[in-house]
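Since the structure comes first, as structure tokens, the remarks are kept for the end.
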Amino acid sequence: MVHRMAFLLFLSMCLINISGCAQEQAQTGENTRAVTVINVEADNWSFNKEVYKVFAGKKITINFKSVEGNHGLGIRGIDSVNIEGEGSVKLTLEPGEYQIYCTIPCGEGHKDMIATLIAV
């Protein structure tokens with residue numbers, strides 16, 4: 001009986017640990033599959049994900065919405081992308097990593113509003 005209780009406790013701890021890892025991966029974008037449409041939401045002072053992954057060489061759509069505060073979306077090195085408040089843009093990216101950032105000075109956390117866009 002003691003062994004069964006210990007096993008159940010061990011199993012419970014494993015499940016809790018796995019659940020925590022899955023949540024962290026969803027937030028950071030680890031193990032995220034590449035897609036052709038991403039939905040980026042901004043609040044004070046972050047984006048809804050740390051990492052977005054898209055297909056390189058294919059037309060992608062970036063949908064942006066500022067859900068709290070006044071924010072914009074830009075991609076470093078791609079001057080044609082500048083969405084303020086809400087909107088969409090279609091583009092094709094070369095393989096690589098790009099930095100998404102807030103284009104509107106929005107207060108104390110503005111400089112921290114960055115995310116990574118990976119084109120694979």
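Because only heavy atoms are used, hydrogens play no part in the values below, and waters and symmetry mates are left out as well, while side chains stay in. In what follows, residues are counted from 1 in the order of the sequence shown. Since the model is a prediction, treat every value here as computed from it, not as a measurement.
- Using a 4.5 Å heavy-atom threshold, the side chains of Lys53 and Arg33 count as separate.
- By the side chain to side chain contact (heavy atoms under 4.5 Å, CB included) test, Val67 is found to be paired with Glu41, Asp43, Lys65, residues two or more places apart in sequence or in another chain being considered.
- Interatomic distance, Cys106 SG to Asn44 CG, rounded to the nearest 0.5 Å: 6.5 Å.
- With rounding to the nearest 0.5 angstrom, the CZ atom of Phe64 is 11.0 Å from the CD1 atom of Ile38.
- Legend: residues meeting side chain to side chain contact (heavy atoms under 4.5 Å, CB included) with Asn39, ordered by chain and number and at least two apart, are Val37, Asn63.
- Applying the side chain to side chain donor-acceptor pair (under 3.5 Å) rule to Lys59 yields no partners; only residues at least two apart in sequence or on another chain are considered.
- Closest approach of Ile62 to Ile83, counting heavy atoms only: O-CD1, 4.2 Å.
- Looking at Thr92 and Ile60, their side chains never come closer than 4.5 Å, going by heavy atoms from C-beta outward.
- One finds the CG atom of Leu93 at 4.5 Å from the OH atom of Tyr98 (value rounded to the nearest 0.5 Å).
- Residues passing the side chain to side chain donor-acceptor pair (under 3.5 Å) test with Thr103, sequence neighbours excluded: Asn82.
- Within the structure, no pair that satisfies the side chain to side chain donor-acceptor pair (under 3.5 Å) test touches residues 107-120, not counting sequence neighbours.
- Chaining together hydrophobic side chains whose heavy atoms lie under 4.5 Å apart leaves Ile104 on its own.
- Checked against side chain to side chain contact (heavy atoms under 4.5 Å, CB included), Ile114 has the following partners two or more places apart in sequence or in another chain: Gln99, Tyr101.
- For the atom pair OG (Ser66) and CD (Glu86), the distance works out to 9.0 Å, reported to the nearest 0.5 Å.
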Could you walk me through whether Val89 and Thr61 pass the side chain to side chain contact (heavy atoms under 4.5 Å, CB included) test, one step at a time? CA-CA 6 Å; Val89 64; Thr61 302; over 6 Å; no
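- Ala115 meets the side chain to side chain contact (heavy atoms under 4.5 Å, CB included) test with Phe47, Tyr52, Ile100; sequence neighbours excluded.
- Val35 and Ile75 end up in the same hydrophobic cluster when Ile, Leu, Val, Met, Phe, Trp and Tyr side chains are linked at under 4.5 Å.
- Expressed to the nearest 0.5 Å, how far OG of Ser80 lies from NZ of Lys90 amounts to 14.0 Å.
- Proximity of Val120 to Val54: side-chain heavy atoms (C-beta onward) are nowhere separated by under 4.5 Å.
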